[in-house]
Asks: 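Can you keep this structure in mind? I'll have questions shortly.
Quick note on labels: first sequence line is chain A, next is B, and so on, each numbered from 1. Quantities reported herein were computed from a predicted structural model and do not represent experimental measurements. Side-chain atoms are counted along with the backbone in the values below, which use heavy atoms only and exclude waters and symmetry mates.
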Number of protein chains: 2
Amino acid sequence: MSNVAMRRVGLKDVARAAGVSVGTVSHVLNHPERVGTARREAVERAIEELGFVRDESARQLRAGYSSTVGLLLLDAWNPAFAEMARGVEDAAAEAGMTLLMSNSARSLERERAALKVFSEHRVAGAVVVPHDPRSQELHQVRAGGVPVVVLDRTDPRDGVVSVGVNDVLGGRLAAEHLLELGHRRLAFVGDPSLAVPVQDRFEGVRAAAAEAGVELVELDCPLSVEGGRTAGRTLAQMPVAERPTAVACAVDVVAVGLLQELPRHGVDVPGQVSVLGYDDIPLAAQLAVPLSTVARPHYAMGTAAFELLRAVVRGETPAEPHQVFAPTLVARASSAPLGATAGGE
Amino acid sequence: MSNVAMRRVGLKDVARAAGVSVGTVSHVLNHPERVGTARREAVERAIEELGFVRDESARQLRAGYSSTVGLLLLDAWNPAFAEMARGVEDAAAEAGMTLLMSNSARSLERERAALKVFSEHRVAGAVVVPHDPRSQELHQVRAGGVPVVVLDRTDPRDGVVSVGVNDVLGGRLAAEHLLELGHRRLAFVGDPSLAVPVQDRFEGVRAAAAEAGVELVELDCPLSVEGGRTAGRTLAQMPVAERPTAVACAVDVVAVGLLQELPRHGVDVPGQVSVLGYDDIPLAAQLAVPLSTVARPHYAMGTAAFELLRAVVRGETPAEPHQVFAPTLVARASSAPLGATAGGE
DNA sequence: TTGAGGTCTTGAATCGTTTCAAGCCGATGT
DNA sequence: ACATCGGCTTGAAACGATTCAAGACCTCAA
């Protein structure tokens, strides 16, 4: 009790205290129904008194399975990913499994390290938002026997199970919304080369614009508030006659930057420029000018990914290995018909 | 290679392939310098070819120590906590340790479960944002041999090591700022009974108000945007003569709710009511009316907690077991001198 | 009374590593 | 040529649980 350097209590100690064998104690822990009431209670009392805590390493080593699952995110602190993580987390908690969460912070090295940790810990499976869904590491993990569900990225080719969003459709929704409002000079702000989903959104926007025979400028910037700000300055400095009257952003955070910088340079939103985000992060509705955006069901994607993983872990091959959610348009105040306050000079 | 049900490769297989004993392979993994060059390379080649991955459970069981640390948050998706988590995470990554992250979601049951997982995994230590710093569970974990650093909560009494913020001072800063602006009817919005730090803030505000001989109303609401909204409605409906001209919020998110609801009911911010937040979440600066607030160094708190934990794990007793950061006032647009646009009916 | 058929218990083997003491081997010093 | 020494290797004993086959005990029916 008082001795600091006291050895940890193990099954053996409990067994001795309760006057039974170690096998019995183990059974109380794992198959209580197989043990007689009297002894079971004696064992439970001993566990309580000695403060015994089962050693998970030993358990796992012998039993050969674990109820820990890995979750690897790209950007844990990005609100959209945080929401997905919450979905995975809640689903895991409900299933009584523990989550080993990691964050690659968009660094390949950290991604590699995290995947290695997952396999070393022999996790039952992992939900991964990878840099590149066909990366070598990812496949090594799968070859190493760890089932993987890819989140927010799709690759129909190989046997990977995945949960994603039809971002091409999302891009199209965004563009069509702006076109319906009468806009004829559009811009896409973001950097398609940064990630496949962003590329898809761009693709959708581009296709819709092309079909409508409308001009589209691409303005590259980092996917951050800061990036949005610089893009905003660029936009503000364009001659009004050439300036797009509506922009679709790759992600909401970029739109936030735009919304900060445009008014500061005398460009009214949505009077002179309509701004559309992508993701529908919680903050979007709470901005000075509530942001029109394309919503993705992040939380549901998280729970779906976990459920899919559970199935794969159980050895089932899901009927629908590539679950694709549909995005929806949420019109708020940052987008308006062309010419509402127009020209505005 | 192709056989799905192939047994995992272990040390033994590597040893056989490389023509050495298992002891040697283990040495290559843990003390490469003790092994001759020729064999070391043979072993490394075999590891590579067979795709061997060390089993962490077995390693930990035998070696008796782990390089995993636990992190238990109250509210992972609250921006302030997310920022702390980022600090802990980066520090851990830098130290080459892995993080077992959990989220109690303000549920005692989940907190208990997470702590149990930590002890079962025999983590080297844990950083915990507890519900109640003197809770039974927390002490059981410590008694079980897991060193704990308490984050964002302080209890000078027992031997717990902790990192916190002087929130009494923070509350005082908030109140004094509002007093300096000439306000004489203050309100505190939030619920001091919900958490110790909130209680401290309230204490600070109350003390400063009392010293100035100024009236202070306490308005309780949940610590969420929604809570802030309801509080905003209550406030808006008060007769102007009685209504506080300045409110200090328990946390930024409540202020966000206020900022949404007050203007909607014709109450101008900061014209008729000044609003002060607490935390300085990233969003604070980006609101329609940039939020004046009391900033806390969340990221630094996270890294500090981890460093403290490392020391404790090494067996050192930190010279300064209770690290207390100082909050600072950040004046933005949501607070203004009394009567700037005043009366304003 | 005995045998069959349960239900509970138990002891021992086992999981894949680390680590320690002991062995081997070639080189060095005398 | 012998003793000694130091660097590499090795085999075997843990680590703390789970599990399985086998034993103990009890009850009930014949």
Asks: Whole-Å distance between D/dA12 C1' and B/His27 NE2?
Replies: 13 Å
Asks: From CZ of A/Arg40 over to P of C/dC8, roughly how many Å is that when rounded to an integer?
Replies: 9 Å
Asks: Closest to the A/Leu29 side chain: D/dT18, C/dT10, D/dT10?
Replies: D/dT18
Asks: Do the numbers put A/Arg122 on top of the ring of A/Tyr65, so that NZ or CZ is under 6.0 Å from the six-membered ring centre and no more than 45° off the axis?
Replies: no
Asks: Would you tell me if any nitrogen or oxygen in the side chain of A/Thr24 comes within less than 4.0 Å of OP1 or OP2 on C/dT10?
Replies: yes
Asks: Of the listed nucleotides (D/dA12, C/dT9, C/dC20), which one gets closest to any side-chain atom of B/Val22?
Replies: D/dA12
Asks: Considering just the side-chain nitrogens and oxygens of A/Arg39, establish if one lies under 4.0 Å of OP1 or OP2 belonging to D/dC25.
Replies: no
Asks: Which part of the nucleic acid does A/Gly64 contact within heavy-atom distance under 4.0 Å: base, sugar-phosphate only, or nothing?
Replies: nothing
Asks: Would you indicate, yes or no, if C/dT17 has its OP1 or OP2 atom less than 4.0 angstrom from a side-chain nitrogen or oxygen of B/Ser26?
Replies: no
Asks: Hey, is B/Glu56 close enough to B/Arg59 for a salt bridge, meaning N to O under 4.0 Å?
Replies: yes
Asks: Please give, in whole Å, the distance from C/dT9 C1' to A/Arg34 CZ?
Replies: 12 Å
Asks: Give a yes or no on whether a salt bridge exists between A/Arg86 and A/Glu83, defined as a side-chain N under 4.0 angstrom from a carboxylate O.
Replies: yes
Asks: Rounding to a whole Å, what distance do you find between B/Gln60:CD and C/dC15:C1'?
Replies: 15 Å
Asks: Taking the minimum atom-to-atom distance to the side chain of B/Ser21, which one of C/dT10, D/dT10, D/dT18 wins?
Replies: D/dT10
Asks: Can you check the A/Asp55 CG to D/dC15 P distance for me, whole Å?
Replies: 12 Å
Asks: For B/Gly10, report the nucleic acid contact type (base, sugar-phosphate, nothing); a contact means any heavy atom under 4.0 Å.
Replies: sugar-phosphate
Asks: How close or far is atom P of C/dT14 from atom NZ of B/Lys12, stated in whole angstroms?
Replies: 10 Å
Asks: Taking OP1 and OP2 of D/dT18, is either one under 4.0 Å from a side-chain nitrogen or oxygen of A/His31?
Replies: no
Asks: So, do A/Val324 and A/Val165 sit near enough that their side-chain heavy atoms are less than 4.5 Å apart?
Replies: no
Asks: Is the phosphate of C/dT17, meaning OP1 or OP2, less than 4.0 Å from a side-chain N or O of B/Arg54?
Replies: no
Asks: Ignoring the backbone of B/Leu61, work out which of C/dG16, D/dA17, D/dT18 is nearest its side chain.
Replies: C/dG16
Asks: Roughly, in whole Å, what's the span from CD in B/Glu120 to P in D/dA17?
Replies: 11 Å
Asks: For a quick check, tell me whether the side chain of A/Arg62 and the base of C/dT14 share a donor-acceptor pair closer than 3.5 Å.
Replies: yes
Asks: Checking side chain to side chain contact (heavy atoms under 4.5 Å, CB included) for the pair B/Asp90/B/Glu94: CA distance, chi angles, key distance, verdict?
Replies: CA-CA 6 Å; B/Asp90 286 355; B/Glu94 182 144 355; 6.0 Å; no
Asks: Send over the distance from B/Leu11 CG to D/dG11 C1', rounded to a whole Å.
Replies: 14 Å
